[in-house]
Amino acid sequence: MDKVRFDGMDSYDEWGYHLAHKVIGEAEPKYNLVQVPGGVGYIDLTDALGVMGYNEREIEFTMKDIAANSEFVRHYSSMQADIHGKRCKITLSDDPGYYWDGRCSVGAMEQDGASCYVTVVAICQPYKLKQSKTVVQDDSLTGEYKEIVLSNDTMPTIPTITVQQETTIEYSGATYSINTGTHRLLGIILGDGGGKIKAKAPGGSGSIKIEYQEGAL
């Protein structure tokens, strides 16, 4: 039985609905095409900054209630109270490793004999997100650079870096010196597939923790 979880609430356990049908809409690319005055064609600046952008996507769920007819209105009202108009973390039973972040709208209730159908539409961020953030930690930094491999899905992401000592980081030709604490360095963006950073502790030893959210189209 296909089900959906909204903020941890199971659609069947909470409201008696299972997922009859779903449509995951397109994440439309954000094109930036500049026409050339008096010329032919255009200049394509779509990914001029090195990152491809996408618009929000619409996901439509057709939910079916197969309980007794006397329960239809109660289940419908309960679902509306819990998720209608609200931003939810949405997890599909056939893709449990990811979730969608979206604003939900519960449509009209339609009864067909012994069955009841409700359409839920969610306006979601273009990327589905991994359920847990990725954490990479190394407690063996020295005074020499150490390479740390950071794998990543398709969504560009800026990691959070926590160090217990003064640390020097090298990434994509740039060098950053950071003090003890947690930092987000805007120059360190992991793209599709990830990347490698180099880190060292000028004091001779130390640790580094790198945490980031992965996402996929």
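All residue numbers refer to positions in the sequence shown, counting from 1.
- Between Thr182 and Thr162, the side chains place a donor N or O and an acceptor N or O closer than 3.5 Å (distance only, hydrogens not considered).
- In terms of heavy atoms, Asp153 sits closest to Gly215 at CB-O, 3.1 Å.
- Closest heavy-atom contact between Leu141 and Ala199: CD2-O, 3.9 Å.
- A donor-acceptor pair is defined here as one N or O able to donate and one able to accept, closer than 3.5 Å; no such pair exists between the side chain of Glu170 and the backbone of Thr175.
- Ring geometry for Trp15 against Phe6 counts as tilted: the plane angle lies between 30° and 60°, on a 0 to 90° scale.
- Under a 3.5 Å cut-off, the side chain of Gln131 and the backbone N or O of Pro96 do form a donor-acceptor pair.
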inquiry  = As a quick check of understanding, evaluate side chain to side chain contact (heavy atoms under 4.5 Å, CB included) for Cys124 and Glu58, giving each step before the final call.
reply    = CA-CA 6 Å; Cys124 297; Glu58 182 177 287; over 6 Å; no
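- For the pair Ser78 (side chain) and Tyr76 (backbone), a donor-acceptor distance under 3.5 Å is absent.
- Not one N or O on the side chain of Asp13 forms a donor-acceptor pair closer than 3.5 Å with the backbone of Gly16.
- Under a 4.0 Å N-O distance rule, the pair Arg5/Asp10 qualifies as a salt bridge.
- A side-chain donor from one of Glu214 and Thr134 sits under 3.5 Å from a side-chain acceptor of the other.
- Within the hydrophobic cluster formed by Ile, Leu, Val, Met, Phe, Trp and Tyr side chains joined at under 4.5 Å, directly or through other members, Ile189 is accompanied by Ile158, Leu186.
- Ion pairing of Glu147 with Lys198 is absent here, as no side-chain N (NZ or NE/NH1/NH2) approaches a carboxylate O to less than 4.0 Å.
- The existence of a salt bridge linking Lys64 and Asp2 is excluded, since no basic side-chain nitrogen approaches an acidic carboxylate oxygen closer than 4.0 Å.
- Considering only heavy atoms from C-beta on, Ser93 stays 4.5 Å or farther from Val4 through its side chain.
- Of the candidates Ile59, Ile90, Val121, Asp7, Cys104 forms a side chain to side chain contact (heavy atoms under 4.5 Å, CB included) with just one, namely Ile90.
- Within 6.0 Å of CD on Gln137 lie more than 12 heavy atoms contributed by other residues, nucleotides or ligands.
- Checked by atom type, the side-chain pair Gln80/Asp82 shows no donor-acceptor distance below 3.5 Å.
- For the pairing with Asp101, the side chain to side chain donor-acceptor pair (under 3.5 Å) check across Arg87, Lys128, Lys89 returns one residue only, Arg87.
- For the residue pair Thr142 and Lys200, no side-chain donor N or O sits within less than 3.5 Å of a side-chain acceptor on the partner.
- Contact between Phe72 and Met109 at its shortest, heavy atoms only, is O-SD, 3.9 Å.
- Heavy-atom minimum distance, Trp100 versus Leu92: NE1-CD1, 4.2 Å.
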TODO: Tell me, with the steps shown, if Asp94 and Lys22 meet salt bridge (charged side-chain N to carboxylate O under 4.0 Å, His left out).
DONE: CA-CA 11 Å; Asp94 60 356; Lys22 67 175 179 287; 2.9 Å; yes
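- When all heavy atoms of Gln165 and Ala201 are compared, the closest pair comes out as CG-CB, 4.1 Å.
- Side-chain atoms of His21 do not come within 3.5 Å of backbone N or O of Thr62 as any donor-acceptor pair.
- What you find for Tyr98 and Ala216 is that their closest heavy atoms are CE2-CB, 4.1 Å.
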